[in-house]
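Notes follow the structure.
Each chain gets a letter, A, B and so on, in the order its sequence line appears, and its residues count up from 1. What you see is a predicted model, and the numbers here were worked out from it, not measured in a lab.
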Protein chains: 2
Amino acid sequence: MNPTPAEADPAPSPARRGRPRSEAAERAIIEGALRLLEEGTSIDALSVERIARVAGVGKATVYRRWPGGKDELLLAVINALEEPAAKPSGESVRDDLVTLLEWQRRVGMAKRQSAVLRTMTSHVKSHPELWRRYHDSVIKSRHEMLHAVLRRGVDSGELRGDLDVDLLGELFTGPMLTRTVLHEDKELPTGLPEQIVDSVLDGVRVRE
Amino acid sequence: MNPTPAEADPAPSPARRGRPRSEAAERAIIEGALRLLEEGTSIDALSVERIARVAGVGKATVYRRWPGGKDELLLAVINALEEPAAKPSGESVRDDLVTLLEWQRRVGMAKRQSAVLRTMTSHVKSHPELWRRYHDSVIKSRHEMLHAVLRRGVDSGELRGDLDVDLLGELFTGPMLTRTVLHEDKELPTGLPEQIVDSVLDGVRVRE
């Protein structure tokens with residue numbers, strides 16, 4: 001659903017690993033990396049060795065959890081800073097679209113408030129391989145969630161079925177992305193998702 | 001209207017200068033810079049001296065026309081590669097919005113087809129002062145053109161008057177920008193502007 005790396009969960013959930021000791025180490029590592037970044041360490045200067053030292057674990061522990069090393073770990077740090085993903089309730093297409101756009105809005109706000117998140121976001125964007133992994137693991141699943149909502153709306157007769165589903169989704173997410181990604185000087189007020197969703201659903205033409 | 005530097009005219013029109021000899025020199029300088037870039041010269045390696053030599057003029061001639069030197073000249077080169085600006089005819093808001101979005105689409109196509117334009121675009125974006133000048137001289141006037149069309153539509157009773165004009169504009173330009181700027185892998189087919197404009201005007205909800 002969203003093209004910026006600051007907008008979803010790139011790492012498998014810790015629960016998948018299932019061992020409390022690993023989870024504690026994982027949290028310590030992510031917090032260690034985050035602390036270094038917040039203290040002003042540049043991403044270039046960040047190393048698995050420094051992160052392991054700050055987290056009080058061995059380098060091998062970091063590589064066991066993130067075999068790809070620093071780059072893979074960065075995606076997990078982005079995830080830790082992000083808003084929890086939106087969960088459409090499935091009751092009405094209108095409300096589900098508002099839920100997804102409200103999540104986009106909150107991610108946009110989080111990015112404006114966190115210099116570290118912005119720095120990591122640009123880092124991911126400027127590294128094609130990292131960006132591709134972020135895209136494949138995260139953005140694709142957001143698009144799928146959005147498209148599932150839209151297809152359900154077409155099937156239930158709530159939405160027009162004559163538009164390409166990609167375009168249909170962009171009519172809703174495009175205006176929000178314009179603000180969150182392209183015009184960072186513009187406000188992201190409460191109620192913006194509702195305004196966008198209702199305007200696109202009902203149209204902005206005055207009917208006779 | 002549009003946040004990418006590849007989308008309008010940053011330089012005063014040559015006609016403003018009014019002397020044919022200056023115009024010929026100006027064209028030679030822009031073409032010289034463009035030739036160097038097309039031959040693979042990086043923007044960093046580009047200098048007023050090299051451009052003047054290739055164009056067959058003195059450095060002073062370049063600085064007389066572009067006192068800001070290389071950076072100012074780059075904005076003129078971007079302009080020379082771009083699509084001529086759209087001119088809304090003022091007959092109907094729907095047609096004027098299609099005209100503006102069709103221009104966005106053509107600029108997006110031009111950028112996809114020109115590596116030099118893409119390179120210059122990222123250069124401008126990553127230099128805040130250059131970006132600010134581009135924004136103030138170009139993007140602002142595009143926004144004003146779009147907003148004039150929308151305000152006319154509200155005044156004539158064609159468009160709803162209860163939405164903020166910024167948001168109203170983004171409902172139309174956002175979906176197109178999503179494709180031209182954020183998802184460069186997606187198509188920009190003929191007819192896309194009409195589809196977006198008509199969908200946003202009429203809404204995508206199925207009415208009982």
Checklist entry - Between A:D162, A:V93, A:I196, which residue shows the highest count of heavy-atom pairs closer than 4.5 Å to chain B? => result A:I196
Are the side chains of [X] and [Y] in touch, meaning some heavy atoms are under 4.5 Å apart?
X: A:V200; Y: B:L171; answer: yes
X: A:V204; Y: B:D202; answer: no
X: A:L167; Y: B:L192; answer: yes

Checklist entry - Looking only at heavy atoms, what is the nearest atom pair of B:L163 and A:S199, with distance? => result CD1-OG, 3.6 Å
Around atom [atom1] of [X], are there more than 12 heavy atoms from other residues, nucleotides or ligands closer than 6.0 Å?
X: A:Q113; atom1: CD; value: yes
X: A:E39; atom1: CD; value: yes
X: B:E91; atom1: CD; value: no
X: B:E38; atom1: CD; value: yes

Checklist outcome for this item: Under a 4.5 Å heavy-atom criterion, the part of residues 149-156 of chain B in contact with chain A comprises none
Next on the checklist: Looking at B:R179 and A:E170, is any side-chain nitrogen of the basic one under 4.0 Å from a carboxylate oxygen of the acidic one?
Outcome noted: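 A salt bridge is present here (some side-chain N lies under 4.0 Å from a carboxylate O).
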Next on the checklist: Return the CZ to CZ distance between A:R207 and B:R160, rounded to the nearest 0.5 Å.
Outcome noted: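 Rounded to the nearest 0.5 Å, the CZ-CZ separation comes out at 9.0 Å.
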Checklist entry - Side chain, backbone, both or neither: which part of B:D166 has an atom under 4.5 Å from a heavy atom of chain A? => result both
Next on the checklist: Please rank B:M176, B:R94, B:Q195 by heavy-atom pairs under 4.5 Å with chain A and give me the top one.
Outcome noted: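 Greatest number of close heavy-atom pairs with chain A: B:Q195.
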